[in-house]
Amino acid sequence: MTIKAPRGTEDVLPGEIEKWQRIEQTARELFLLYNYREIRTPLFEDTRLFERSIGESTDIVEKEMYTFLDKKGRSLTLRPEGTAPVVRAYLEHKLYAKGGVNKFFYIGSFFRYERPQAGRNRQFYQIGVEAIGSDSPALDAEVINLSLHFLSSLGLKTLHIALNSIGCSACQPLYREKLKQFLNEHIDKLCDDCRRRTESNPLRVLDCKKEGCVSILKNAPSTLDFLCPACKEHFESVKHYLKMLGLNYQIAPNLVRGLDYYTRTTFEVVHSGLGAQNAVAAGGRFDGLVEEFGGESTPAVGFAAGVERIALAMDGEGVKVSDGKQTFTFIALLGKEYLEGGLLLLNELRRSGISAEMDYEGRSLKSQFRVADKLGVKFTIILGQEGATLRDMVKGEQEEVKREEVVSILKREK
RNA sequence: GUGGACGUAGCUCAGUUGGUUAGAGCACCAGGUUGUGGCCCUGGGGGUCGGGGGUUCAAAUCCCCUCGUUCACCCCA
């Protein structure tokens, strides 16, 4: 075995996949309950889609995208996130024509060239929702509520919401200037990355965790103090609705999303016990994105959750998902010469909706029973010259039955 | 991209100061039972000791490089 799965990718094997299925099934049922409908977009898109939405100076676009030229020289990129493609599809198919709020959810894999780590792969899976067409703070609250409903439905308990507002196109530039001013006053005490970001992307400096920077940032102007009246009111309403819904949150003035398209509300759902990659879900508003792509000014809000991290968190909380084994019967042959009879019975059983397995290798009866036992079947049918013997593997009892009655007997037992 | 730890059978791991044909448990296969599983007993298969190079009479063991895993930084869901 010389070829392995590429670095940062993983095979999800039987035994583990059942947990993923549970996660996806829960998402489908729950999101439908909130009237979100599934959408599937391509795995790769025109590179410009991500450059324009995520932002040229973000780490994602600068160094983490899988970008390549196709045979006609088009620049394509494996999608690094889900929001821009949904907005693109929303515009391309003129889904706004339906009016009202359009609600979508998606489940799929995304790609970023990063150093792999617990809860961080190069191909990773996200489940997300986007609600496009309303600036109501009630919708922000709904999305946050849904993310928590989803995660707690999967058995996760130690969840915390971090909440912030980063303002809109009216107030954020003002704050950005004030922050830049502040950072420049302390520029000599900031780390190299932060010095660079002070010019290119000052908001991201707030996210720095280096001790020196953190102590300086304690006194940095807060985005919350610079919100325009409309944003302030919006944020107050979001908080009010969250309280009303019984959701506890912590204000995190330094919570800045890594994607440029976010406006107003940003939030993160953190699960304690995940190590460094502790955000299981995150999202926020993107009121300017639809317009950025050439549509009418259309407000929107959404979130995405990481499937691998949810699975890790479920493991941590001891959530068990059955491994889905369900073989009901096993056919044991008294000799190779009964293979055809076995195949016919096997077919009959399966066509009758009874899961069944059989040994094709001509192994000894003892071996066949060992296989049956390992499969955990409830019944083993021993097939020989005439008729059949039906053995109850749990009781350890068996009886002779007529060959043509085997299927109907087992149907009753099922 | 940076730093630390690790890399021996399918899995979990032993492997003394470098010293002969690299071990155990579990798993797997077969037999003990002239057709019947789980327990037990016996036997068997399976490892280029991550890969490459070097030091040495001799390397799983020491050195270098490389790949991978992992934790943290970073980034982010």
Side-chain angles (χ1 to χ4, degrees), chain A residues 1-10 13 15 54 58-64 80-83 106-122 124-129 147 150-151 191-194 197 201 204 207-211 255-259 266-271 274-284 302-313 330 332-338 359 361-385 389-398:
Chain A
M1 187 62 185
T2 47
I3 299 178
K4 295 184 189 158
R7 186 166 159 81
T9 68
E10 66 173 351
L13 304 175
I54 298 171
T58 59
D59 278 21
I60 295 176
V61 170
E62 273 184 358
K63 46 198 181 195
E64 294 181 355
E81 63 100 38
T83 301
Y106 58 83
I107 298 177
S109 52
F110 299 86
F111 307 84
R112 287 180 204 169
Y113 190 88
E114 296 188 274
R115 184 89 171 251
Q117 194 180 321
R120 189 173 79 183
N121 274 139
R122 289 181 176 177
F124 56 100
Y125 291 77
Q126 282 191 182
I127 296 178
V129 308
S147 72
F150 171 49
L151 296 169
C191 69
D192 292 347
D193 280 337
C194 288
R197 289 199 189 111
N201 203 346
R204 295 228 37 85
D207 244 0
C208 188
K209 279 146 199 122
K210 290 213 171 67
E211 226 175 280
L255 177 65
V256 180
R257 311 272 65 237
L259 296 80
T266 61
F267 75 99
E268 224 169 60
V269 182
V270 172
H271 185 267
L274 268 187
Q277 312 299 322
N278 62 357
V280 279
F303 80 86
V307 177
E308 290 89 342
R309 290 183 193 181
I310 293 173
L312 284 172
F330 187 85
L333 304 177
L334 289 178
K336 257 189 164 169
E337 61 272 32
Y338 304 114
D359 168 59
E361 315 301 322
R363 304 211 272 185
S364 71
L365 193 61
K366 181 182 187 132
S367 293
Q368 294 182 71
F369 264 93
R370 280 184 176 153
V371 173
D373 189 58
K374 227 181 297 177
L375 289 172
V377 299
K378 292 213 173 58
F379 292 95
T380 298
I381 305 149
I382 306 159
L383 228 47
Q385 203 156 15
T389 304
L390 191 60
R391 182 175 177 81
D392 184 318
M393 298 295 279
V394 183
K395 292 181 184 160
E397 297 164 358
Q398 62 189 51

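All figures in this text were calculated on a predicted structure; none of them were measured in a lab.
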Dot-bracket for RNA chain B, 5' to 3', Watson-Crick and G-U pairs with both distances under 3.5 Å, [ ] for crossing pairs, | for partner on another strand, reads (((((((..((((.....[...)))).(((((.......))))).....(((((..]....))))))))))))....
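- Counting non-hydrogen atoms under 4.0 angstrom, A:F124 reaches a base of the nucleic acid.
- Remark: P of B:rG38 and NZ of A:K395 are 21 Å apart, rounded to the nearest angstrom.
- For B:rG37, its base sits under 3.5 Å from the side chain of A:R391 at one donor and acceptor pair at least.
- A 6.0 Å sphere centred on OH of A:Y338 holds more than 12 heavy atoms belonging to other residues, nucleotides or ligands.
- Contact annotation: A:Q117 reaches the phosphate of B:rA72 (side-chain N/O to OP1 or OP2, under 4.0 Å).
- Comparing A:E397 and A:G306 along RNA chain B, the residue whose closest nucleotide (by nearest heavy atom) sits nearer the 5' end is A:E397.
- The gap from the C1' atom of B:rC6 to that of B:rG43 amounts to 36 Å, rounded to the nearest Å.
- Scanning both residues, A:R363 and A:Q368, for their nearest heavy atoms gives O-NE2, 3.0 Å.
- The base of B:rC71 has none of its N or O atoms less than 3.5 Å from a complementary donor or acceptor on the side chain of A:R120.
- You'll find the side chain of A:R122 reaches within 4.5 Å of the side chain of A:P116, heavy atoms only.
- Nucleotides B:rU61 and B:rU8 are separated by 13 Å at their P atoms, to the nearest Å.
- For A:S364, no side-chain nitrogen or oxygen approaches OP1 or OP2 of B:rA30 to under 4.0 Å.
- Within 4.0 Å (heavy atoms only), A:T389 reaches no atom of the nucleic acid at all.
- Counting distance only, with no hydrogens placed and no angle test, the side-chain atoms of A:K4 and the base atoms of B:rG50 include no donor-acceptor pair under 3.5 Å.
- You won't find any donor-acceptor pair under 3.5 Å spanning the side chain of A:R7 and the base of B:rU69, going by distance alone.
- One donor-acceptor pair, N or O on each side, does fall under 3.5 Å between the base of B:rU36 and the side chain of A:Q398.
- Each of A:R115 and A:N121 was matched to the nucleotide of RNA chain B holding its nearest heavy atom; the match closer to the 5' end belongs to A:R115.
- Taking only distance into account, the side chain of A:R363 never meets the base of B:rC29 through a donor-acceptor pair shorter than 3.5 Å.
- A:F330 contributes atom CZ, which lies 10.0 Å from atom CD1 of A:I381 (distance to the nearest 0.5 angstrom).
- Taking side-chain N and O atoms only, A:T380 has no distance below 4.0 Å to OP1 or OP2 of B:rG37.
- Among the atoms of the strands shown, none is found under 4.0 Å from any heavy atom of A:A372.
- When the C1' atom is compared between B:rA72 and B:rU56, the two are found 38 Å apart, to the nearest whole Å.
- In this entry the base of B:rG35 is syn relative to its sugar, with a glycosidic angle within 90° of 0.
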